[in-house]
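Worksheet: one structure, shown below.
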Amino acid sequence: MPADYEVVSQPLKIEPLPALPILLSELHAQSPELQRAKAEVEATESKLSFEQNSRLPKLSIKAQQYNDPNFTDRLYGLVVSIPGWDFKGGQIAEAEANASKAKNQLNAQSQSLEQQLETAYKLYQMTSYQVKILDQDVVQLASSARRIAEVSYRYGERGMLEYLDAQRTFRVARNDLIKARFDLASVVTEIQRLRATPEWIAKIESGKQ
């Protein structure tokens, strides 16, 4: 950082979040972790389908051509491959196990992310209410009490200790508000990460450049 700089304070701007059901639907539709797990399920199911179909009879057409100076001979044939001894039992069982494992991982991942989102949303509601109460009531009352104590001290109606106590109460309330705002910003960031909206992804990518 340069030697001469200035810290510019900006008010906390947090847009209201949608309802929890909407956030859950966005989670299932846009979460990169769930998309990766779904792709793994599709891959294992495709592998299972391939192994199951490989034990069925296969048809193929073959064509051959012999060129001679005097004539051209063409042969066409139909080849039928029927599995006699190898019924792909081991390969199919392995593919079924992998497909089942991928589905279980998808369900576990989905439940884990849903629980994280629900917990973060409850914390968002709590911290939002806390910020509102601290900002509109507690800090305002503490500030008013501090001003009254200061005026009373100047006119000799109150002692120095009462004035200092009012100052301390105001600072504690203001610190609580700062901490609550930080907690609110943190939980909103966590919810945005879980939502993984295109706007949020674009913002993150632009910040990395």
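All heavy atoms count here, side chains included; hydrogens, waters and symmetry mates do not.
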(request) Find the distance between CD (Q130) and CG (L123) and round it off to the nearest 0.5 Å. (result) 9.5 Å
(message) Any heavy-atom pair between the side chains of V139 and F170 that's under 4.5 Å?
(response) yes
(request) Taking all heavy atoms of E118 and all of L20, pick out the closest pair and write down the distance. (result) CG-CD2, 4.1 Å
(request) Check whether any side-chain N or O of S110 sits under 3.5 Å from a backbone N or O of L106 as a donor-acceptor pair, and report yes or no. (result) no
(message) Checking the side chain of T189 only, and the main-chain atoms of A185 only, is there a donor and an acceptor separated by less than 3.5 Å?
(response) yes
(request) Ignoring hydrogens and angles, tell me if any N or O in the side chain of S100 forms a donor-acceptor pair with the backbone of E96 under 3.5 Å. (result) no
(request) For the pair D165 and R168, find out whether any cationic side-chain nitrogen is under 4.0 Å from an anionic carboxylate oxygen. (result) yes
(request) Check step by step if side chain to side chain contact (heavy atoms under 4.5 Å, CB included) holds for V188 and L184. (result) CA-CA 6 Å; V188 169; L184 179 58; 4.1 Å; yes
(request) Please collect all side-chain hydrogen bond (donor to acceptor under 3.5 Å, both in side chains) contacts where either partner lies in residues 139-160, sequence neighbours excluded, each pair once. (result) S143-R147, S144-R147, E150-R154
(request) Any chance you could measure S128, atom OG, to L17, atom CG, to the nearest 0.5 Å? (result) 7.5 Å
(message) Closer than 3.5 angstrom, by distance alone: can the side chain of T127 be matched with the main-chain N or O of Y124 as a donor-acceptor pair?
(response) yes
(request) Please tell me if the side chains of Q91 and K47 come closer than 4.5 Å, counting only heavy atoms from C-beta onward. (result) no
(message) Between K101 and E40, does the side chain to side chain contact (heavy atoms under 4.5 Å, CB included) criterion hold? Intermediate values first, please.
(response) CA-CA 10 Å; K101 179 181 178 181; E40 182 65 22; over 6 Å; no
(request) Hey, could you give me the CG/CG distance between L117 and L24, rounded to the nearest 0.5 Å? (result) 5.0 Å
(message) Looking at R181 and D135, is any side-chain nitrogen of the basic one under 4.0 Å from a carboxylate oxygen of the acidic one?
(response) yes
(message) Between Q105 and V41, is there a side-chain heavy-atom distance shorter than 4.5 Å?
(response) no
(request) Please check if I22 and L113 belong to a single hydrophobic cluster, counting links between Ile, Leu, Val, Met, Phe, Trp and Tyr side chain heavy atoms closer than 4.5 Å. (result) no
(message) Given 3.5 Å as the limit, does a donor-acceptor pair link the side chain of S46 with the main chain of E42, or not?
(response) no
(request) Grab the two heavy atoms, one from A145 and one from A166, that are nearest each other, plus how far apart they are. (result) O-CB, 4.1 Å
(request) Take E190 and R193, measure what salt bridge (charged side-chain N to carboxylate O under 4.0 Å, His left out) needs, and give me the verdict at the end. (result) CA-CA 5 Å; E190 175 64 12; R193 183 189 69 83; 2.8 Å; yes
(message) Are the side chains of L194 and S31 in contact, using a 4.5 Å heavy-atom criterion?
(response) no
(request) Please examine the side chains of V131 and L177, heavy atoms only from C-beta on, and report whether any two atoms are closer than 4.5 Å. (result) yes
(message) So, taking the atom named CG in D183 and the one named NZ in K179, what distance separates them when rounded to the nearest 0.5 Å?
(response) 4.0 Å
(message) Would you compute the distance between atom CG of L27 and atom CD1 of I191 and round it to the nearest 0.5 angstrom?
(response) 11.5 Å
(request) Verify whether one side chain among Q125 and Y129 offers a donor that lies under 3.5 Å from an acceptor in the other. (result) no
(message) Is it the case that over 12 heavy atoms from other parts of the model lie below 6.0 angstrom from the NZ atom of K103?
(response) no
(message) How close do T44 and A99 get, counting heavy atoms only, and between which atoms?
(response) OG1-CA, 3.4 Å
(message) I'd like to check D176 versus V138 (side-chain heavy atoms, cut-off strictly below 4.5 Å). Are they in contact?
(response) no
(message) Main chain of R195, side chain of Q30: is a donor-acceptor contact present, judged purely on distance under 3.5 Å?
(response) yes
(request) First locate atom CG of L23, then atom CD of Q192, and finally report the distance between them rounded to the nearest 0.5 Å. (result) 8.5 Å
(message) Test your reading of the model: is there a side-chain donor-acceptor pair from E114 to the backbone of Q109, 3.5 Å cut-off?
(response) no
(message) Between N98 and E94 (side chain of the first, backbone of the second, donor and acceptor by atom type, cut-off under 3.5 Å), is there such a pair?
(response) yes
